[in-house]
Amino acid sequence: LQRRLTRAALGLDLRPLVERLAQLLDASVALVQRDGVPAEGPLGAHPETLDLDLVRAEVAGIKGQGLGAVSTTTRDRDTTVVRPIGLAGRPELYLAVCLPGGLDEPQRSAVSTAAVLLSLAVERRAERRAADRRLRGRALELLCAGDLRSEEHTSELQSRFGISYAVFCL
């Protein structure tokens with residue numbers, strides 16, 4: 001299970017890993033924001049089994065407890081696990097998994113592995129956004145200073161970041 005999850009986590013997109021976890025566990029899986037609103041999902045063969053009201057309540061209950069918090073609730077023969085996603089600071093996302101029946105050790109391990117891999121992917125995305133912001137800022141500084149070398153890269157910046165040429169001319 002862990003190898004398959006790791007392969008699904010190689011990119012910056014979180015959805016393939018969420019889909020893969022749902023498939024491997026035959027579960028309903030979602031990533032939810034701090035307010036319990038789904039950011040991805042619910043996904044899986046039976047997405048309707050994930051009780052979003054329960055997930056919202058569990059997120060509210062654990063969000064002050066830090067990144068190591070976990071909530072496991074069993075209702076109507078389904079087990080719901082909610083875990084924060086992140087490596088530092090306040091989590092922005094939570095992994096919610098609803099499985100039929102109880103949660104055995106391999107399933108628990110798969111949920112933990114997925115949470116770690118999602119946390120790494122979220123961190124990589126944040127680092128990438130920060131690097132892109134720095135690059136855009138530096139390119140604008142150079143253009144505003146009249147650096148002709150930076151004009152050569154204007155079209156690349158426009159295509160990569162979606163910055164209009166008019167922005168460079170201000």
Side-chain angles (χ1 to χ4, degrees), residues 1-137 160-162:
L1 290 176
Q2 292 172 342
R3 244 180 273 140
R4 292 178 196 161
L5 288 170
T6 302
R7 275 194 298 261
L10 293 177
L12 293 176
D13 187 12
L14 304 179
R15 189 177 181 97
L17 181 52
V18 173
E19 289 173 338
R20 189 67 169 155
L21 181 63
Q23 178 188 30
L24 290 172
L25 296 181
D26 191 28
S28 178
V29 181
L31 283 177
V32 299
Q33 300 167 9
R34 276 182 282 167
D35 58 3
V37 173
E40 288 286 347
L43 303 169
H46 303 285
E48 70 282 354
T49 61
L50 185 63
D51 181 347
L52 291 174
D53 290 331
L54 172 64
V55 170
R56 260 188 288 286
E58 296 306 312
V59 167
I62 66 171
K63 71 178 168 185
Q65 298 175 22
L67 293 168
V70 178
S71 165
T72 303
T73 308
T74 302
R75 264 195 201 167
D76 301 328
R77 295 179 300 202
D78 288 333
T79 301
T80 302
V81 179
V82 178
R83 297 185 60 113
I85 299 301
L87 297 177
R90 188 171 73 173
E92 297 293 322
L93 294 172
Y94 291 79
L95 174 64
V97 179
C98 180
L99 301 116
L103 186 66
D104 62 24
E105 194 51 43
Q107 291 168 324
R108 185 180 310 282
S109 179
V111 171
S112 295
T113 298
V116 169
L117 292 170
L118 285 164
S119 295
L120 291 170
V122 165
E123 186 67 21
R124 280 195 324 263
R125 284 172 37 166
E127 289 170 358
R128 174 84 179 258
R129 283 192 305 268
D132 287 349
R133 254 191 319 274
R134 286 191 302 272
L135 182 59
R136 281 193 308 268
R160 183 170 178 195
F161 299 114

Chemist: Which is it for V122 and E92 under the side chain to side chain contact (heavy atoms under 4.5 Å, CB included) test, yes or no, and what are the steps along the way?
Modeler: CA-CA 9 Å; V122 165; E92 297 293 322; over 6 Å; no
Chemist: Just by distance, do the side chain of T113 and the backbone of S109 share a donor-acceptor pair under 3.5 Å?
Modeler: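 Flag set: sc T113 to bb S109 pair under 3.5 Å.
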Chemist: Nearest heavy-atom pair of G102 and Q107: which atoms, and what distance?
Modeler: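 Reported closest heavy-atom pair: O-OE1, 3.4 Å.
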Chemist: Restricting to non-hydrogen atoms, name the atom on L50 and the atom on S28 that form the minimum distance, rounded to 0.1 Å.
Modeler: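 That would be CB-OG, 3.3 Å.
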Chemist: Rounded at 0.5 Å granularity, tell me how far CG in L43 sits from CG in L21.
Modeler: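 Going from the CG atom of L43 to the CG atom of L21 covers 10.0 Å.
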Chemist: Taking it one step at a time, do Y94 and E58 satisfy side chain to side chain contact (heavy atoms under 4.5 Å, CB included)?
Modeler: CA-CA 10 Å; Y94 291 79; E58 296 306 312; over 6 Å; no
Chemist: Find the distance between CG (L103) and CG (D78) and round it off to the nearest 0.5 Å.
Modeler: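 Reported value, rounded in 0.5 Å steps: 12.0 Å.
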Chemist: I need the minimum non-hydrogen distance between L25 and A110, along with the two atoms involved.
Modeler: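 Scanning both residues, the minimum pair turns out to be CD2-CB, 4.1 Å.
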Chemist: Looking only at atom types and distance, does a side-chain atom of T79 sit under 3.5 Å from a main-chain N or O of G101, one as donor and one as acceptor?
Modeler: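 Checking the backbone N and O of G101 against the side chain of T79, a donor-acceptor pair under 3.5 Å is found.
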Chemist: To check you understand the geometry: which heavy-atom pair defines the closest contact between P91 and L67, and what is its length?
Modeler: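 P91 and L67 have their closest heavy atoms at CG-CD2, 3.6 Å.
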Chemist: Apply side chain to side chain contact (heavy atoms under 4.5 Å, CB included) to residues V82 and L95 and explain how you reach the verdict.
Modeler: CA-CA 6 Å; V82 178; L95 174 64; over 6 Å; no
Chemist: For E40, which of L17, V32, L31, L93 qualifies under side chain to side chain contact (heavy atoms under 4.5 Å, CB included)?
Modeler: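 Going through the options one by one, the only one that passes is L31.
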Chemist: Between the side chains of S112 and R83, does any donor sit under 3.5 Å from an acceptor?
Modeler: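 Result is yes, a qualifying pair exists.
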Chemist: Which heavy atom in P42 sits nearest to a heavy atom in A30, and how many Å separate them?
Modeler: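 Residues P42 and A30, closest heavy atoms: CA-CB, 3.8 Å.
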Chemist: Check V59 against R34 and note the closest heavy-atom contact, atom names and distance.
Modeler: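 So the minimum-distance heavy-atom pair works out to CG1-O, 3.3 Å.
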Chemist: Does a side-chain N-to-carboxylate-O contact under 4.0 Å join D51 and R75?
Modeler: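 Salt bridge present between D51 and R75.
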